[in-house]
There are 2 protein chains.
Amino acid sequence: MRLRQLRFLVAVYEEGSFTTAAHRVHATQSGMSMQIKALEESLQVRLFDRSPSGVTPTRAGELAYQRATRVLRELGGIKSDLAMMEDHITGSVSVGLMPTTTRTVIAPVLAKFASLYPDVDIKMEEAYSAQLSAGVMAGRLDFALVPPTQSYRGLKVTHMDSDVEVFVTAPDKGRDNLSAIDLTGVEPLKLVLPGPDNARRAKIDSSLKTFNIPVRAIMELDAMMATLDLVARSDWTTIAPGCLVIADMESRQRFLHPITRPAMAVDYVLIEPASTPLSPAAQLLCEELQAELSRVCQRCRDELGS
Amino acid sequence: MRLRQLRFLVAVYEEGSFTTAAHRVHATQSGMSMQIKALEESLQVRLFDRSPSGVTPTRAGELAYQRATRVLRELGGIKSDLAMMEDHITGSVSVGLMPTTTRTVIAPVLAKFASLYPDVDIKMEEAYSAQLSAGVMAGRLDFALVPPTQSYRGLKVTHMDSDVEVFVTAPDKGRDNLSAIDLTGVEPLKLVLPGPDNARRAKIDSSLKTFNIPVRAIMELDAMMATLDLVARSDWTTIAPGCLVIADMESRQRFLHPITRPAMAVDYVLIEPASTPLSPAAQLLCEELQAELSRVCQRCRDELGS
DNA sequence: TGACCTGCATCAGGATTGGTGATTGGCCGC
DNA sequence: GCGGCCAATCACCAATCCTGATGCAGGTCA
């Protein structure tokens with residue numbers, strides 16, 4: 001068994017095709033075919049079912065893939081360990097974040113990290129989850145913080161923290177700031193929500209539906225800050241994650257209302273490549289981010305929880 | 001980087017010599033030298049300090065070794081996983097046990113395991129820890145249950161459970177069966193103990209010394225059952241692990257006395273090769289053994305604890 | 001102190017391996 | 001039924017690795 005064969009296995013599994021997998025790892029289709037065959041022979045088990053339209057992993061292929069990613073991850077860990085041994089952390093980190101976390105959470109992390117490790121180049125990209133996971137899979141991003149979605153082929157997923165959803169209105173619309181609200185017993189809402197591609201949207205829709213919450217109008221805005229700005233200047237309202245709006249507790253530009261019913265949570269998960277470990281710099285940034293995120297989420301749960 | 005290089009790295013680290021490592025993995029000294037050199041170049045770090053009397057790992061070598069064992073272990077896990085996928089567990093398991101556990105603990109495990117997996121061949125070896133760890137390192141044993149000792153180069157160590165030491169005498173020597181005893185306030189003892197090579201002996205000696213426990217005579221017997229037999233037929237006494245003597249609770253061939261002072265514990269650890277995972281059969285046997293051991297240890301602590 | 005031994009590094013040659021590009025054959029959609 | 005797509009196979013070539021011999025450094029013993 002060779003490492004190259006494991007890398008090939010991973011590529012084929014993730015691409016579902018010998019040919020495209022071969023391209024991905026800069027090999028030829030014939031070489032790919034031969035190596036997978038050799039691997040199957042050395043393991044004495046068929047890993048993929050071939051068809052004229054590509055390949056699908058067998059049960060054994062699934063298992064082997066899972067292990068192979070772990071082998072490669074450990075393998076990469078060798079280099080990470082050695083790099084971590086250096087007293088001086090260097091290199092560059094690319095991180096992807098969803099808009100929710102870019103308002104409040106990330107700035108202190110970046111400030112602290114940059115002062116702790118001045119020789120690390122930081123790149124940050126703000127986007128929605130689909131784009132971010134594509135970025136991680138393509139290797140453009142080291143890791144990304146996203147809401148939980150499906151289709152994580154080739155990615156390692158770690159749950160980071162859970163946040164609360166908050167009902168947000170303009171100030172002085174008849175409710176006290178920070179007063180709790182039961183959405184099931186309220187006059188029909190004018191809601192600004194993200195579009196149907198957004199991961200939170202599905203959860204919100206399903207809550208609205210199962211609890212029969214009356215909605216007068218929905219406006220779709222895939223722009224967080226615009227949404228908040230609109231809410232502040234009109235009688236439109238929104239439902240937003242605590243991390244996004246906790247800054248309004250002081251500013252009072254908007255009034256925040258903990259939601260007693262229905263219970264709605266926002267999860268944040270970390271995605272990273274399944275078969276490569278984070279670089280030392282990325283790992284450290286990740287730890288800082290995790291720490292700050294749970295600090296903020298904790299505060300949200302305490303002060304904006306129902 | 002190649003798997004072969006990692007195997008070489010592991011061998012060199014554990015043997016402390018290119019030449020003997022080469023023999024171990026059926027390679028030549030020159031090939032070994034070249035591969036290690038290639039690995040060092042690909043990692044851009046020196047892994048071993050060469051000397052005319054052998055090699056010693058650098059700090060980087062230590063780290064790389066640790067990771068390499070994990071990589072190889074994961075790698076072996078691929079085959080284990082696939083074997084585990086078979087509905088029918090087969091193969092053979094070789095396990096090493098110290099005498100303490102062979103009196104009471106192992107029989108029910110073997111009985112259960114043999115009936116659950118009738119097609120697995122079981123080999124068991126009873127010996128003292130040094131011999132057992134040598135057996136595991138040589139690959140003769142899949143794993144072994146031993147008391148904690150040093151020198152675990154090349155072995156993965158897992159703590160299994162903790163047991164109590166019990167003071168054992170012949171029946172009717174003036175103490176009630178199961179009555180607790182404080183060894184610090186007792187007439188000078190005639191003790192039968194294992195020899196100085198035994199892992200428990202050092203702990204017992206140090207306890208005797210630090211608590212100034214008076215000892216009239218010590219007889220060294222490296223044979224557990226002979227020790228117990230002698231104790232049953234004379235005024236010699238011994239200190240024995242709960243697992244070993246719990247069978248006497250019913251038989252009353254010997255009287256058992258929980259020790260209130262000094263506090264003495266016996267630990268059991270599992271050792272297995274660091275860079276190969278257990279075979280499915282070995283894993284299952286291991287689980288049964290763990291379960292039974294903690295059942296017995298629990299009972300010892302409950303009924304023979306101080 | 002000098003002969004000897006041990007252990008690693010190096011070298012050149014040779015065998016094995018793996019990769020390449022072209023070709024074949026099977027299946028699907030048009 | 002034809003072209004497109006995909007995997008399997010083959011023969012050839014290149015890279016790699018292994019081998020056995022040799023060199024060199026340090027330690028040991030007489």
Side-chain angles (χ1 to χ4, degrees), chain A residues 1-62 64-65 68 71-72 75 153-154, chain B residues 1-62 64-65 68 71-72 75 153-154:
Chain A
M1 212 188 309
R2 296 183 195 295
L3 283 175
R4 166 169 276 253
Q5 292 173 338
L6 295 187
R7 284 191 243 272
F8 281 14
L9 163 68
V10 168
V12 171
Y13 180 94
E14 290 175 3
E15 299 292 341
S17 148
F18 281 25
T19 312
T20 57
H23 290 159
R24 190 174 110 181
V25 296
H26 309 295
T28 58
Q29 176 267 321
S30 63
M32 180 64 69
S33 177
M34 289 165 103
Q35 291 302 327
I36 295 292
K37 185 182 175 185
L39 183 60
E40 287 178 328
E41 274 166 10
S42 81
L43 293 175
Q44 309 220 51
V45 69
R46 185 154 268 280
L47 297 172
F48 295 98
D49 285 324
R50 277 76 159 173
S51 87
S53 58
V55 293
T56 55
T58 62
R59 178 87 194 102
E62 298 272 354
Y65 167 77
V71 172
L72 296 175
L75 189 78
R153 181 160 278 211
Chain B
M1 211 188 310
R2 299 188 195 297
L3 283 176
R4 165 169 278 253
Q5 292 172 337
L6 296 187
R7 285 191 241 272
F8 281 14
L9 163 67
V10 168
V12 170
Y13 180 94
E14 289 174 3
E15 300 292 340
S17 150
F18 280 26
T19 312
T20 57
H23 290 158
R24 190 173 111 179
V25 297
H26 309 295
T28 58
Q29 176 267 320
S30 64
M32 180 64 69
S33 178
M34 288 168 110
Q35 290 302 327
I36 295 293
K37 185 183 176 184
L39 183 60
E40 288 178 328
E41 274 166 10
S42 81
L43 294 175
Q44 309 220 51
V45 70
R46 188 156 207 62
L47 297 172
F48 295 98
D49 286 325
R50 277 77 158 172
S51 88
S53 58
V55 294
T56 55
T58 62
R59 177 88 194 102
E62 298 272 354
Y65 167 77
V71 173
L72 296 176
L75 189 77
R153 181 160 279 210

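None of these values were measured; they are calculated from a predicted model. Sequence lines set the chain letters: A, B, ... in the order given, protein chains first and strands last, and positions in each chain run from 1.
- Contact annotation: side chain of B:Thr19 to base of C:dG7, donor-acceptor pair absent below 3.5 Å.
- Contact check, A:Ser33 against D:dA8: a side-chain N or O comes under 4.0 Å of OP1 or OP2.
- One cannot find a donor-acceptor pair under 3.5 Å joining the base of C:dG19 and the side-chain atoms of A:Thr28.
- Of the two residues contacting DNA chain C, namely A:Pro52 and A:Arg4, the nearest-nucleotide position lying further toward the 5' end is that of A:Arg4.
- In this structure, A:Leu47 atom CG and D:dA8 atom C1' are separated by 16 Å, rounded to whole Å.
- With values rounded to the nearest 0.5 angstrom, B:Glu15 atom CD is found 9.0 Å from B:Met32 atom CE.
- Across the protein-nucleic acid pair, A:Lys37 atom NZ and C:dG18 atom P stand 13 Å apart, rounded to whole Å.
- Using cut-offs of 30° and 60° on the angle between ring planes, the pair B:Phe48 and B:Phe18 is perpendicular.
- Going from atom CD of A:Glu15 over to atom P of D:dC6 covers 12 Å, rounded to whole Å.
- Spacing between atom CE of B:Met32 and atom P of D:dT19 amounts to 10 Å, rounded to whole angstrom units.
- Among the protein residues, A:Gly54 comes within range of the sugar-phosphate backbone only, with heavy atoms under 4.0 Å from sugar or phosphate atoms but none that close to a base.
- OP1 or OP2 of C:dC8 lies within a sub-4.0 Å distance of a side-chain N or O belonging to B:Ser17.
- A distance of 10.0 Å separates CG in A:Leu47 from CD in A:Gln5, rounded to the nearest 0.5 Å.
- Atoms NE2 (A:His26) and C1' (C:dG18) sit 18 Å apart, rounded to a whole Å.
- The side chain of B:Met34 has C:dA12 as its nearest neighbour among D:dA7, C:dA12, D:dC17.
- Here the nucleotide nearest the side chain of B:Phe18, chosen from C:dG18, D:dA8, C:dA9, is C:dA9.
- With distances taken from any side-chain atom of A:Arg2 to the nucleotides D:dC17, D:dA21, C:dG18, the minimum falls on C:dG18.
- Rounded to an integer number of Å, the gap from CD of A:Glu41 to P of D:dA8 is 12 Å.
- Each of A:Gln5 and B:Arg50 was matched to the nucleotide of DNA chain C holding its nearest heavy atom; the match closer to the 5' end belongs to B:Arg50.
- Remark: P of C:dG21 and NE2 of A:His23 are 11 Å apart, rounded to the nearest angstrom.
- Every residue meeting the salt bridge (Lys or Arg N to Asp or Glu O under 4.0 Å) condition with B:Arg46, not counting sequence neighbours, appears here in chain and number order: B:Glu40.
- Atom-to-atom, CD of B:Gln29 to C1' of D:dT19 comes out at 11 Å; the value is rounded to the nearest Å.
- Nearest-nucleotide mapping onto DNA chain D: of B:Gln35 and A:Gly16, the residue sitting toward the 5' end is A:Gly16.
- Between the OG1 atom of B:Thr56 and the OH atom of B:Tyr13 there is a distance of 10.5 Å, given to the nearest 0.5 Å.
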